[in-house]
Amino acid sequence: MRYERVIYVVLTAVMVIFGGISLFYYLKALQNDVRISEVHSAEKGDFHFVLIPQETDNDYWRLVEKGAREAERVLGVEVEYDGPKKTSVTEHIEWIEKAIASKVDGIITQGLDEEAFAPVINKAIQKRIPVITIDTDASSSQRSAYVGTDNYQAGFLAGEALVQDTGGKANIGIITGSFDARNMQLRVQGFRDAVKEYPHVNILDIKASNITRIQAAEKADEMLNEHSNINAFFGTSALDSYGIASTLQQRGRANQTYIIAFDTLPETIQLIREGIIDATVVQKPYTMGYESVKRLTQIAKGEQVSQIHHTGTDIIRREDLTESELHPHESEGSS
Amino acid sequence: MIHIQTKLMTFFIILILFMNGVAYFLYQGSQDTIRQYDVLLERFFLLNEVQQTTEDVYQNLKSYFINKSPELLDDYREGRKELVDLQKEFPSKVEGNHLVVENHTNMIESFLEESDQALQAYRQEDIKAYSAHIQEAEKVLSYLQETTLQLINEELSEYDSFYKSLVLHNEFIERMGVAVFIFTLFASLLFAFWFSRGITKPIDDLSRAAREIASGKFDGHKVPVQTKDELGFLTETFNRMREDIQSLVLQIKQKSEMKRLMKEMELKSLQSQVNPHFLFNTLNLIAKTSYIEDAKRTGELIEAVSTLLRHNLTRLDQPTTLKEELKSVNEYMFIQKARFGQRFSYYENIDPETLSTPLPVLTLQPLIENAFIHGIEQMESGGVIQISTTFQDGLIRVDIVDNGAGMKKERVEKLLSIDKDKEDLQGANHSGHTTGIGLPNIMRRLELLYEREELLDIETEINQGTTIRLQLPSERLQEGYHDEVAHS
């Protein structure tokens, strides 16, 4: 019965083939067996804090966030990092208000505009939400503590460095981020106080760049037009410094002009390496992040902390660059 | 033995279970998908509800401040309660960054606080305060909406990846479904084919074998037993039966063969009792001598005997015809006439059609002798012997009638009941007057030739004479004759 055999073989073969196919698709289906994740009760931290940066994607503030995250991990708290996408006082205040409405356990914010921020900070305090100012203080408010650079001191150090490096003779132009920003004001103030002793050190002009390098460059250019004898510049933030640098480079006066900058972004370091920027003020954003969270935790637990905690500043020049910094690597950022 | 029913049941149960299993599995899968959609939608609904309710509460409050109607206050209270309930539900139902969820929940709280404070201030007619609180409530409301949107966004992104996976999953399931369907189709076909073969093939084989048997062939091949069910059993039994029939048939054949041999033997032995050649030659010699010695009558007598003998010698194992037998009878009569002379008369009344009736050799003559012995011998005179033949009703009748002393009934019975024993075949010994063949012998030989019994009958009464009657079937005329010819 040959035909019988053939039929058996054919039927079995087809059956097996499709059996295999079924299995194959079944396994594939299992692979893609996905579920809507059920609500899981996550490990909750002891406290729920909010860190509101000036600008969320700013390199400097990202460093602050890093420090905060480390503290988060170590202390077992939870920190939300969120804020305006672009610097905006009104938006920033909104974010603080939101945090208050959310009844968070603590707020860390920059004291960007002391006058504007004070009321909302106080509101938070009244609602028993501790507030720590970071990087820039709003001392007139009821804020629980300040963690950050002593901006006045920073500016003062910058002034001293300039005097030292220029041998006591300089005509200075200052480009500052904004006239309203408290931290900038303090830096400028410190700087002025540092140089006022020296008769041959003169501040010829000060302009505001609105914390953009393009405007900084513009203002620097203007300044040079107005005061052709400027031979030194002080940028109160990284972007201001870049603006200054690019204008001078354009004019070909970079080498003859002394520039002292702020913060240690990679670009700043690069420019120092190239000898365009002569010195810069170092801040410690990571430390700020860490310390602010730490102190806030302490306050939330009801412990006493010191109202002011300065995170330290320093001046570095080309010779201070470490071996690894002389050759490109990671960064510390600024505002 | 595995019953056919068991096989069928098993198969169908498996098939049904399997198909139902697959259907159920697919159904569950789709139900599952629906459930997941449900979960997702529930979250959206919840979020939306919170949104709506807070909006309503706020509006109600504001309207109440304007209209001061108690219904609005009630509405507000109701809404407020609802919101509180929703707030409780919220954390357990909504997935997402739990910090955001916390914020959301707390915002609801803040909102409620501000609303309450606004209401209180309103009651106390502190316009400044309630205005401030209501504004604050509005602010919180907007934050709430923002946060809700944030949560919705998160859900949607999660949903997006889930959905893609789901589509893929379902696609595969669908393909699997088709493949399973085809698989089952072919599996069923395969089984149906196998199963039906398992039934029809044995039946075919059995019918073929039965046909063989019907046409007389008993020695076909054994039908192969392929299954362990009722059909297998049937086949085995059939085979055994066929073998049995075969062996029985063989036995019968052998017995028949034996019978035949016996017949032949008997025949031979019957006819070998007479060794005629020596006698014949001697008689010839005597006849010649008597002619030489001019004893003519003696010579004639001797010739008659010789003829008789010759007749009896030729072809003992072959049947002869009535005609020849009559010739033999005539010779015998010639001799007896010479001896008994006037004491008897002999008549013949022969139907010519019966002349060719086959008879074994030495059939009529001994019968005539019998008639002599039992009839005529005792009579001094007036003895009559007559042979007459007729053809009647398909039978050939040969009557040998004498008017002698007759026989007793017992004797007749004894003669007619043949014992196959050799002694009986010799019959009663009247060695002086017979050629030595008794009635049983004749009967037997007739029977062998015609393969029938009761061919011979005797009617007799004491002193009333005897009739020996032969009734021979005439179809044997053609058939048996040829048969005997063939077998010689």
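Computed over heavy atoms, backbone and side chain alike; hydrogens, waters and symmetry mates excluded. The shown structure was predicted, so the numbers you read here are calculated from the model rather than taken from an experiment. Naming convention: chains lettered A, B, ... in sequence-line order (proteins, then strands); numbering from 1 in each chain.
- Among K164(B), E136(B), E171(B), the residue with the largest count of heavy-atom pairs under 4.5 Å with chain A is E136(B).
- Residues L99(B) and E80(A) share a closest heavy-atom pair of CD1-CG, 3.7 Å.
- Around CD of E115(A), the count of heavy atoms belonging to other residues, nucleotides or ligands within 6.0 Å does not exceed 12.
- Here the CZ atom belonging to F191(B) is positioned 13.0 Å from the CG atom belonging to L11(A), to the nearest 0.5 angstrom.
- By the 6.0 Å contact criterion, CZ on F179(A) is enclosed, its count of non-hydrogen atoms from other residues, nucleotides or ligands being greater than 12.
- Within 6.0 Å of atom OH in Y27(B), 12 or fewer heavy atoms from other residues, nucleotides or ligands are found, so the atom counts as exposed in its surroundings.
- By the 4.0 Å N-to-carboxylate-O rule, K127(A) lies close enough to E114(B) to be salt-bridged with it.
- How far OG1 of T12(A) is from CZ of F186(B): 11.0 Å, rounded to the nearest 0.5 Å.
- Counting heavy atoms from C-beta outward, M15(A) and L185(B) have side chains that stay 4.5 Å or more apart.
- Using a cutoff of 4.0 Å between basic side-chain nitrogens and carboxylate oxygens, K98(A) and E146(B) are scored as salt-bridged.
- For Q31(B), the CD atom counts as densely surrounded, since its 6.0 Å shell holds more than 12 non-hydrogen atoms of other residues, nucleotides or ligands.
- In this structure, S22(A) OG and F181(B) CZ are separated by 12.0 Å, a value rounded to the nearest 0.5 Å.
- Atoms CD and NZ, from E4(A) and K201(B) in turn, are 6.5 Å apart once rounded to the nearest 0.5 Å.
- The shortest non-hydrogen separation linking H169(B) to A29(A) is ND1-O, 2.8 Å.
- Expressed to the nearest 0.5 Å, how far CG of D82(A) lies from CG of N103(B) amounts to 10.0 Å.
- If you take CG on L30(A) and CE on M176(B), they are separated by 9.0 Å, rounding to the nearest 0.5 Å.
- The existence of a salt bridge linking K103(A) and E113(B) is confirmed by a sub-4.0 Å separation between a basic side-chain nitrogen and an acidic carboxylate oxygen.
- Side-chain contact between Y26(A) and F25(B): present, with at least one pair of heavy atoms (C-beta onward) separated by less than 4.5 Å.
- Considering only heavy-atom pairs separated by less than 4.5 Å from chain B, the leading option among I17(A), I7(A), I21(A) is I7(A).
- Using a 4.5 Å cut-off between heavy atoms, Y8(A) contacts chain B through both its backbone and its side chain.
- Between S102(A) and the choices M107(B), H104(B), E102(B), the side-chain contact (heavy atoms from CB on, under 4.5 Å) rule is met once, by M107(B).
- Of all the heavy atoms in Y143(B) and A101(A), the pair that sits closest is CD1-CB, 4.0 Å.
- Among the candidates V178(B), V140(B), L144(B), L168(B), the residue making the largest number of heavy-atom pairs closer than 4.5 Å to chain A is L168(B).
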